Amino acid sequence: MSQPTPVTNVQPNNCVTSLNGVGKALANKLAKIHIHTLLDLLLHIPLRYEDRTHVVPLNQLRPGMHCLIEAEVTGSALQRGRRTSLQVRLLEQNARLNLRFIHFHANQAKNFATGKKIRCFGEIRPGPQGLEMVHPEYHLFDQQPPELEATLTAVYSTTEGISQKRMRQLVTMAWQASEQQPHWLPELLPKVTIQQQNLPTIKQALAQLHFPTNNQPFDLAAASQSPAYQRLIIEELVAHQLCLLQARQQLNLSPAPCFEKHSATAELLQTQLPFTLTNAQQRVWQEIHADTQHHKPMIRMLQGDVGSGKTIVAALAACQAIDAGYQVVILAPTEILAEQHLHNFRQWLDPMQVSIIWLAGKQKASERRTSIEAIANGQAQVIVGTHAVFQERVDYHHLGLVIIDEQHRFGVAQRQALLQKAALGTTPHQLIMSATPIPRTLAMSAYGDLDHSIIDELPPGRKPINTVIINNQKRDQVITRIQSACSSGQQVYWICPLIETSEDLQCEAAEDTAVQLTEALPNLRIGLVHGRMTPIQKHQIMSRFKQAQIDLLVATTVIEVGVDVPNANLMIIDNAERLGLAQLHQLRGRVGRGQAHSHCLLMYQTPLSRLAKERLNILRQSNDGFAIAEKDLQLRGPGEVLGTRQAGSISLRIADLLRDAHLLPKIHELTKNYASRPDLSQQLVQRWVGSRQEFVSV
Ligand code: ADP
Ligand code: MG
């Protein structure tokens, strides 16, 4: 391998093209894996290591080993079968090994002449004729074997068109550049932390991870426990937290509107409700109320299980903003959910002459224009809608409060776009509602400094839902059960979840199911609702179901959240194994709202994997959304729980929020050290978040 020429006088944040031999084309490929600068290369930590520092004798080979071997070729042959493969037989002392190539060319086959010496690196596997290596890296020689590597070989994540060898070369070049410039990697963690925990310096840590000596661990699981790796994890998490704090401080520079202490509308609304607020609702309402008496923008996450009554709390907050003369936006991820909010808010606020308007993607152009006008001139006080509310053409008159339901479905960028729609120089308060409980430390690491309110109490009279897991082959029994439930005057949901990725195909699946059920249950009134219907059609079906003019409602997951029909107390979820736990729990929350006992049948298709079974069992055993979410977090990781977009926005290089969750309290402590050192804080953020900063916002 030709040694790369070191470069001089470059800075850590110089583009990778400042390295010799790196052009635009290569830089573009690197950009795909978020490597833009020399520092990005240095912080690109290996996935694992390979040991090419010594040769393992053939008689010591075991399946599963990744190792370097040396032997003599004793013959080669084409093996004809389903796929022709090239088999090369090797011998050393009295031990044998086969090499197998499935992709090869004729010349290659000729090179394996009997008597040649060969050195190979690869994984040892059991083969049809003893141990073998499939597609090893190899080097044929006559006399002089190639030199052994001095250190373990790092294996990096890479992208199409950049070989491992090239990636190693690039990292090495960046490292050499850094070695010539002592100021490149200053120590940015507090000295006491380094000493107390016996951590290596940043330079030592990077050297150990990129160019490890022999006794370093081989795989990431082990490496991530090494002091070198731990050090980088801590540093990255601190940097990330500091970055979130900076973003939050930036936001605090623009004042939020200060709402009045007494909102006549909120007080009136409370007296007109057919129920009284639970203690938990009262408490949370007070927390929000207190937050909005200041010019500091509120960012409060309101968590509460499905059915815990988050909406009325949001409505009370909205009253406060309205009385202070501000507009309120209520944003939901699906049209059905947004419609449910529209319905609730109209029911509660129409009698108080509050003007509520609707804004959604599928609206008629003329209606949309009227809505947009009313938003701009301030006539609209409450705006309910889907993502259409943060589109460019929508200008707000006086936006003071943003309420986002089911936050994890919206990306940070979308939320940011909406905040920027507030009047120049002000920041609206934000209330983020979620039925998915995110552990506090995790939420802080994803959102920075946000406040939490939890409604930890259901309205009185709710009964737990009896959940059963049932094999799809027992469909007949399920149909009998529907028949008997409907005969006694109850109503039933049948949910057909995402089987196909395309919405059209999903709807077809629901249509097919509705046809089959209509044949099987000829005396029932069966309705169908799916995402391809117009909002008016959906609304008609939903209100007929609500008025008990439909017995059995077949629906895709569009139904999901917000739908409230107390007389429906049986739900069947088809292909339940394909849905996430949180989503299943939300769907199931549509039943159990009335007086009768409710049941949920989770139907699965065989074969069911062990993990899938375990997941469904969690749901069978628990009605507690918070406990379910914790389990979901353990089984699926924070990316899934926070939503992939959200996790993408976290964009950590080395740390892993779930694996390293135990470090988070320490990270929050460490972060405080930087309050008096904005220079260090800035350098740390620059080092780790640098070019990725656009992803982080609050
Ligand atoms: P979620 O928290 O899942 O959004 P909702 O706000 O949709 O729950 O409330 C679920 C149902 O409970 C609604 O029909 C709502 O009117 C009702 N509800 C809310 N608070 C109370 C309460 N304190 N007492 C009785 N019913 C309530
Ligand atoms: Mg809700």
Side-chain angles (χ1 to χ4, degrees), residues 219-222 224 303-308 406 408-409 434-443 446 456 458 463-475 477-478 481 493-501 506 509 556-557 559-561 570-592 597-644 646-647 656-662 664:
D219 59 74
L220 185 64
S224 66
Q303 295 183 332
D305 204 350
V306 181
S308 63
E406 297 304 317
H408 58 289
R409 303 266 199 95
S434 174
T436 312
I438 302 165
R440 184 173 165 72
T441 44
L442 187 55
D456 49 6
L458 292 180
K463 300 199 182 73
I465 300 155
N466 174 35
T467 301
V468 178
I469 302 173
I470 188 163
N471 191 327
N472 170 337
Q473 283 159 5
K474 297 186 182 159
R475 241 177 152 82
Q477 287 178 24
V478 173
R481 185 139 175 201
Y493 292 103
W494 181 296
I495 311 290
C496 309
L498 237 119
I499 302 168
E500 305 291 345
T501 38
Q506 261 188 72
T556 56
T557 46
I559 198 91
E560 239 183 297
V561 244
L570 175 60
M571 174 176 280
I572 291 100
I573 305 181
D574 212 351
N575 294 299
E577 77 278 6
R578 298 181 192 232
L579 289 175
L581 288 188
Q583 202 181 10
L584 284 169
H585 179 65
Q586 299 225 331
L587 284 167
R588 178 175 67 172
R590 302 309 100 218
V591 294
H597 273 290
S598 292
H599 304 270
C600 178
L601 311 185
L602 303 177
M603 267 203 302
Y604 63 86
Q605 214 143 28
T606 44
L608 191 63
S609 74
R610 201 183 51 80
L611 183 66
K613 189 159 209 161
E614 203 180 315
R615 292 179 55 229
L616 292 182
N617 260 322
I618 291 171
L619 219 64
R620 187 172 61 81
Q621 287 158 1
S622 179
N623 267 301
D624 176 349
F626 281 55
I628 290 167
E630 286 286 343
K631 285 269 166 51
D632 214 14
L633 184 69
Q634 282 164 15
L635 290 176
R636 297 196 307 165
E640 294 286 334
V641 176
L642 290 171
T644 32
Q646 210 57 265
D656 174 323
L657 282 182
L658 185 64
R659 180 194 63 201
D660 306 323
H662 64 283
L664 294 177

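Here the structure is a predicted model, which means the values were calculated and not measured. These numbers come from the heavy atoms of this one structure, side chains and all, not from hydrogens, waters or symmetry mates.
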Within this structure, what is the [atom1]-[atom2] distance for the pair [X] and [Y], rounded to the nearest 0.5 Å?
X: Ile573; Y: Arg590; atom1: CD1; atom2: CZ; value: 10.5 Å
X: Leu602; Y: Thr467; atom1: CG; atom2: OG1; value: 6.0 Å
X: Ile572; Y: Leu587; atom1: CD1; atom2: CG; value: 12.5 Å
X: Ser622; Y: Asn617; atom1: OG; atom2: CG; value: 12.0 Å
X: Gln621; Y: Leu619; atom1: CD; atom2: CG; value: 10.0 Å
X: Leu584; Y: Glu577; atom1: CG; atom2: CD; value: 9.5 Å

Once salt bridge (Lys or Arg N to Asp or Glu O under 4.0 Å) is applied, what residue pairs with a partner in residues 616-627 remain, sequence neighbours excluded? none

Show me the pairs that pass salt bridge (Lys or Arg N to Asp or Glu O under 4.0 Å) and involve residues 598-610, at least two apart or across chains. Arg610-Glu614

Closest non-hydrogen atom pair, [X] against [Y]:
X: Ile465; Y: Gly592; value: CG1-CA, 4.2 Å
X: Tyr604; Y: Leu616; value: CB-CD1, 4.2 Å
X: Leu601; Y: Ile470; value: CB-CG2, 4.3 Å
X: Pro464; Y: Asn623; value: CB-ND2, 3.5 Å

Residue list, side chain to side chain contact (heavy atoms under 4.5 Å, CB included) with Asp574, at least two apart or on another chain: Asn472, Arg475, Trp494, Pro497, Met603

Only one of Met571, Arg481, Arg588 forms a side chain to side chain contact (heavy atoms under 4.5 Å, CB included) with His599, so which one is it? Arg481

